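Note sheet for the following structure.
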Amino acid sequence: MDRSDGSITLSSLDRHSHMTHDSTAASPLRAGKREWTALGVLALPALLISLDNTVLHLAVPHLSVSIDPSGLQLLWIVDIYSFLIAGLLIIAGTLGDRFGRRRLLLVGAAGFGLASVLTAFSSSAEMLIVSRALLGIAGATLMPSSMSLIRNMFLDSRQRSVAFSVWIACFLVGGALGPLVGGAMLEHFWWGSVFLLSVPAMVLLLMLGPVLLPEYRDPNPGKIDPASVLLLVISLLATVYGLKVLAGKGFDILPVALLLAGLGLAVVFAVRQRRLTHPLLDLALFRERTFTVSLTTMSLALFVMSGSQFFVAQYIQMVVGLSPLETGLASLPASVGGVTGALLAPVALRWMRSAYVMTAGLTMAMIGFAVLTQVETEGGLVPVMIALGMLNFGVAPTIALGTDMMIGSAPPEKAGAVSAISETCQELGLGMGIAILGSVGTAVYRAEVSDTLPAGVASRAQDTIGSAVHEAGRLPDELGTAVLAAAREAFTDSLFYVSVICTVVTLLIVVTIAVLRPAPRGDGHVLDSADELDGPGGSGMPSRTSS
């Protein structure tokens, strides 16, 4: 029904009146120039959040000299942003459903711009940690709001697939531009300048958002349960923190305890949701096959991608010996492959179902992982670049189409919460990939290098290849060369084992999609669950009114 503030709500009356409409009625409204222009506005947060995350790693050496943070402070500077994004995504998505997705997006954009300025001009480690925390809080509002608005603006299923693919491609472009743009700016300006990149884009979003973006909200959101909010935030923060510490430092009692505590609180949260009349997270969504399969597939795809690329990045820098900027340039085939795969996915839907497109892409990714198993210590740069291009090209359709299918499988009034679930599981998939595969690869490296290091070399060289490179630089030339050769050989072996695991897991994902793929409908297009509920092409979606 139309609202005086120009927003759209979906009531049972709307659905009933639409379902009883003449069966010969026109197909769902197709998006026009306004919606496609608005998609460009919504792509800005995707591009900038990924860019903001990558430029920090380039700025760390410069800010370390400028504000001299302690080791613990530096860890918080790097991690607090992603911690808070992962911990607050579902809360932010639920708030968007209740109070308006456009409203939350614009508030988040304003907060992100202001926090970026504070980050750029931070004069102490404490100020930088607080600024990065504010960036994380604001960033958590941007992603689910953007994804849910795409879900509501593009009612035609094919157009929506294209829209999500473009949005995912912009996210990948941001990650690719980070090292290049950040590296160039750090050569001419102070370390904080890289964080000012987001300010003009946020200003543009604030100017064009109210004009181009419609408002949507759930008309019957129910009450927010404070205990559920607390349980969810603490469980996610504990889980993410445990994963990140395990990935960075290896096995330790504290991160394992936090990880188990986080998972335990997640179980308590789930039990509580089943007893509430208005749950913060509707667990009934997980009974929908399309939703669950898409979510699991995306999480596992990101698991193998992040775990492998964690080792590939070290291989390029520590084994091949490229600088950070050269590493960014060497990663361009991966970025081009990812963007191309995301953009070609909706084109392939003209001839194949979504499940087949995802299966074909993941088969390509599996070949890419197999190529990584053949990488040698010497002359491995070109095979690595080819493998990265193949696996990113193959994984991108799964992320793009999986996101579309999952969000399309939920009722439109829950799109914000579902978008947030998608983003949260993707964050956890990325974190678990680095933590689990990182632990496996590190164990292999330590086992291999301990047998080949020259006698008398400090045990610190056995921890990581970075430590070995550092130790080798402090030793006499001949001994340092021997240490470096042993570390590089051992690390290449660890990359082999990690790549084998990624190949097997990707094969399992392909089999899962083949067995549990969505059923086709009469026109040959994939039957998203949205077609059964209120999504594009279904009978339950009311007409759109722009604000």
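Residue numbers count from 1 along this sequence. Only this structure's heavy atoms are used, side chains among them; waters, hydrogens and symmetry mates stay out. Everything numeric here is computed off the predicted structure, so don't read it as measured data.
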What distance do [X] atom [atom1] and [Y] atom [atom2] have between them, rounded to the nearest 0.5 Å?
| X | Y | atom1 | atom2 | answer |
| --- | --- | --- | --- | --- |
| Leu362 | Ile367 | CG | CD1 | 11.5 Å |
| Arg353 | Ile513 | CZ | CD1 | 14.0 Å |
| Ser131 | Glu126 | OG | CD | 11.0 Å |
| Phe195 | Leu128 | CZ | CG | 6.5 Å |
| Thr119 | Ile129 | OG1 | CD1 | 11.5 Å |
| Leu230 | Ile91 | CG | CD1 | 9.5 Å |

*Only counting residues at least two apart or in another chain, list the ones meeting ring-ring contact (aromatic ring centres under 6.0 Å, His included) with Phe491.*
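Applying ring-ring contact (aromatic ring centres under 6.0 Å, His included) to Phe491 gives Phe311.
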_One pair to check against side-chain contact (heavy atoms from CB on, under 4.5 Å): Thr512 and Leu300. What are the steps and the verdict?_
CA-CA 11 Å; Thr512 299; Leu300 288 175; 6.0 Å; no
Using modelled atom types and a 3.5 Å cut-off, is there a donor and acceptor pairing between side-chain atoms of [X] and backbone atoms of [Y]?
| X | Y | result |
| --- | --- | --- |
| Thr296 | Val293 | no |
| Thr373 | Ala370 | yes |
| Thr141 | Ile137 | no |

For a 4.5 angstrom cut-off between non-hydrogen side-chain atoms, does [X] reach [Y]?
| X | Y | answer |
| --- | --- | --- |
| Leu372 | Leu391 | yes |
| Val320 | Tyr315 | yes |
| Ile509 | Met366 | no |
| Phe393 | Pro333 | no |

Return the minimal non-hydrogen interatomic distance between [X] and [Y], and the atom names on each side.
| X | Y | value |
| --- | --- | --- |
| Leu89 | Ala140 | CD2-O, 3.5 Å |
| Thr398 | Met298 | O-CG, 3.7 Å |
| Val444 | Ser494 | CG1-CA, 3.7 Å |
| Ala396 | Ala342 | CB-N, 3.6 Å |
| Ala345 | Ser165 | CB-OG, 4.3 Å |
| Ser116 | Leu196 | O-CD2, 4.4 Å |

*asked:* One pair to check against side-chain contact (heavy atoms from CB on, under 4.5 Å): Phe369 and Ile501. What are the steps and the verdict?
replied: CA-CA 9 Å; Phe369 287 123; Ile501 294 172; over 6 Å; no
*Who are the side-chain hydrogen bond (donor to acceptor under 3.5 Å, both in side chains) partners of Glu376, not counting sequence neighbours?*
none
*What salt bridge (Lys or Arg N to Asp or Glu O under 4.0 Å) pairs are there with at least one residue in residues 255-274, not counting sequence neighbours?*
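Passing the test, one end in residues 255-274: Asp225-Arg272.
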*Residues Val511, Leu508; criterion side-chain contact (heavy atoms from CB on, under 4.5 Å); working and verdict*: CA-CA 5 Å; Val511 172; Leu508 293 176; 5.6 Å; no
_Candidate pair Phe269 and Leu265, rule side-chain contact (heavy atoms from CB on, under 4.5 Å), full reasoning_ = CA-CA 6 Å; Phe269 170 81; Leu265 288 174; over 6 Å; no
